[in-house]
Asks: 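Here it is, the structure, as structure tokens.
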Amino acid sequence: MALKRKLTSFYERLLQKHGKQGWWPLLSIGYHKGDYSIPRNAKEAYEICVGAILTQNTSWKNVEKALIKMDEVGLLDKKAILNASNEEIENAIRATGYYRQKARKLKEFTTFLQNNRGELTRDSLLGVWGIGEETADSIMLYAYKKAEFVVDSYTRRIMGEREGMFNSKMSYSSIKKLIEENLDKDYRLFQEYHALIVAEGKEQR
DNA sequence: AGCCAGGCTACCG
DNA sequence: CGGTAGCATGGC
């Protein structure tokens, strides 16, 4: 099939050009190229989830500042978030913008985690206020190593508009399905692919 | 000195 | 269903 070949060759091209990206970055080790064992524990997984929420329509630079501040004041922790006032959280994450909404989102998500000790699913995540399709997929893919392809604005622009692999105006779920049906369902491939698309997308500007 | 970031919800027709 | 205003700060 044509799309299958395009997806594979485009991935190879991006890999040649940008190299392995080492997503998702953690405060403790930064990027970790070629190491797909991250996260290694629940605390690291939680940091990824927090980052995924904070980076909604926000540059990673600003998210990093917020994560560092959260860490400094001890808020990069489930129990701490549940016990903190909204104002305390807002102060730590102000640099990411939308800080009132995001403070609420962090609380809603963390409450959900606590009430949900079993296996985390994409559908259950979508029921949490503040978590939409892209954030759910980012969390499943990078925090829980599940092969869920992340579709973002770069995916639409680069793969859709520029490379002509699909109509960029299609729904999130249609694009996701189309891509997933034509790639090996391997979380490491999905992690690297999405990170490479972002690298390519950031470059054009 | 604007425009735009690794989106989502609420609400409209 | 699809389309869009509002959310908000910091970087370039």
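Throughout, protein chains are lettered first and strands after them, A, B, ... in sequence-line order, and every chain is numbered starting at 1.
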Asks: For A/E203 and B/dA5, give me the distance from atom CD to atom C1', rounded to whole Å.
Replies: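 A/E203 atom CD is separated from B/dA5 atom C1' by 17 Å.
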Asks: Which one, B/dA5, C/dA8, C/dG10, comes nearest to the side chain of A/Y98?
Replies: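 So the nucleotide nearest the side chain must be C/dA8.
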Asks: In whole angstrom, what separates A/I158's CD1 from B/dA5's P?
Replies: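 Checked: the CD1 to P distance equals 11 Å.
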Asks: At less than 4.0 Å, is any side-chain N or O atom of A/Y99 found next to OP1 or OP2 of C/dT9? Yes or no.
Replies: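 Result: yes.
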Asks: With rounding to the closest Å, how many angstrom separate the C1' atoms on C/dC7 and B/dC4?
Replies: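 The answer is 15 Å between these two C1' atoms.
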Asks: Could you state the NZ-C1' distance from A/K102 to C/dG10, rounded to the nearest angstrom?
Replies: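 In whole Å, C/dG10 C1' lies 12 Å from A/K102 NZ.
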Asks: Please check: side-chain N/O of A/E180 versus main-chain N/O of A/K185, any donor-acceptor pairing under 3.5 Å?
Replies: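 Such a contact is absent between A/E180 side chain and A/K185 backbone.
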Asks: Does anything in residues 15-32 of chain A reach DNA chain B, meaning a heavy atom under 4.0 Å, and if so which residues?
Replies: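 Of all residues in residues 15-32 of chain A, the ones placing a heavy atom under 4.0 Å from DNA chain B are A/W23, A/W24, A/Y31.
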Asks: If we ignore hydrogens and angles and just use 3.5 Å, is the side chain of A/R188 paired with the main-chain N or O of A/K145 as donor and acceptor?
Replies: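 Such a contact is absent between A/R188 side chain and A/K145 backbone.
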Asks: Under 3.5 Å, side chain of A/S9 to main-chain N/O of A/K6, donor-acceptor pair present?
Replies: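 Yes, because the side chain of A/S9 sits within donor-acceptor range (under 3.5 Å) of the backbone of A/K6.
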Asks: Using atom C1' of each nucleotide, how far apart are C/dG10 and B/dA1 to the nearest Å?
Replies: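 Each nucleotide's C1' atom is 14 Å from the other's.
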Asks: Can you figure out which of B/dG7, C/dA8, B/dA5 approaches the side chain of A/S153 most closely?
Replies: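 Selected nucleotide (nearest to the side chain): B/dG7.
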Asks: Could you run through nucleotides 8-13 of chain B and give me one letter per nucleotide, 5' to 3': B if any protein heavy atom sits under 4.0 Å from the base, S if only the sugar-phosphate is that close, - if neither?
Replies: SSS---
Asks: Any side-chain donor-acceptor pair under 3.5 Å between A/E192 and A/Y36?
Replies: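 Yes.
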Asks: Could you check whether A/W60 and the base of B/dG6 form a stacked pair, meaning centres closer than 5.5 Å and planes differing by less than 30°?
Replies: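 The base of B/dG6 is stacked with A/W60 (centres under 5.5 Å, planes under 30°).
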Asks: Starting from C1' on B/dA5, measure out to CD on A/E64 and report it in whole angstrom.
Replies: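 In whole Å, B/dA5 C1' lies 14 Å from A/E64 CD.
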Asks: Specify the separation, in whole Å, of atom CG of A/N91 and atom P of C/dT9.
Replies: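 Rounded to whole Å, this separation is 12 Å.
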Asks: Got a donor-acceptor pair under 3.5 Å from the side chain of A/K202 to the base of B/dG6?
Replies: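 Side chain to base: pair present.
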Asks: Taking atom C1' of C/dA8 as reference, at what distance in whole Å does atom CD of A/E90 sit?
Replies: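 Between C1' of C/dA8 and CD of A/E90: 12 Å.
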Asks: How many Å lie between CG on A/L196 and C1' on B/dG6, as a whole number?
Replies: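 After rounding, the reported distance stands at 14 Å.
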Asks: For DNA chain C, whose closest nucleotide is more 5', that of A/T58 or that of A/K65?
Replies: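 It is A/T58 whose nearest nucleotide is closer to the 5' end.
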Asks: Taking the P atom in each of B/dC11 and C/dA8, what is the distance between them to the nearest angstrom?
Replies: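 It comes out at 16 Å once rounded to the nearest Å.
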Asks: Taking atom C1' in both B/dA10 and C/dT9, what distance in whole Å separates the two?
Replies: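 Looking at atom C1' only, B/dA10 and C/dT9 are 22 Å apart.
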Asks: So, A/T58 and A/K102: side-chain donor and acceptor under 3.5 Å apart, yes or no?
Replies: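 Present: a donor and an acceptor within the cut-off.
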Asks: What residue among A/Y11, A/Y142, A/W23, A/F149 forms ring-ring contact (aromatic ring centres under 6.0 Å, His included) with A/F190?
Replies: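 When A/Y11, A/Y142, A/W23, A/F149 are each tested with A/F190, the ring-ring contact (aromatic ring centres under 6.0 Å, His included) holds only for A/F149.
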Asks: Tell me, with the steps shown, if A/S173 and A/E133 meet side chain to side chain donor-acceptor pair (under 3.5 Å).
Replies: CA-CA 8 Å; A/S173 56; A/E133 302 209 79; 5.2 Å; no
Asks: Would you indicate which nucleotide in B/dA5, B/dG7, C/dG10 comes nearest to any side-chain atom of A/Y154?
Replies: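 For A/Y154, the side-chain atoms sit closest to B/dA5.
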Asks: If you count heavy atoms of other groups shown closer than 6.0 angstrom to NZ of A/K107, is the number above 12?
Replies: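 Buried by this count: over 12 neighbours within 6.0 Å.
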Asks: Could you let me know what B/dA1 is paired to, Watson-Crick or G-U wobble, both distances under 3.5 Å, or none if it's on its own?
Replies: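 The answer is none; no pair meets the criterion.
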Asks: Taking the same atom, C1', in C/dG2 and in B/dG6, what whole-Å distance lies between them?
Replies: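 It works out to 24 Å between them.
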Asks: Using modelled atom types and a 3.5 Å cut-off, is there a donor and acceptor pairing between side-chain atoms of A/E108 and backbone atoms of A/G130?
Replies: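 No; zero donor-acceptor contacts below 3.5 Å.
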Asks: In terms of hydrophobic clusters joined by side-chain contacts under 4.5 Å, are A/I81 and A/V73 together?
Replies: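 In one cluster with A/I81: A/V73, yes.
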Asks: It should be established whether A/R94 places a side-chain nitrogen or oxygen under 4.0 Å from OP1 or OP2 of nucleotide C/dA8.
Replies: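 Answer is no, no contact under 4.0 Å.
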Asks: Are A/L120 and A/L126 grouped together when hydrophobic residues (ILVMFWY) are joined by side-chain heavy atoms under 4.5 angstrom apart?
Replies: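 A/L120 does not cluster with A/L126.
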Asks: From CG of A/N62 over to P of C/dG11, roughly how many Å is that when rounded to an integer?
Replies: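 Rounded to whole Å, this separation is 6 Å.
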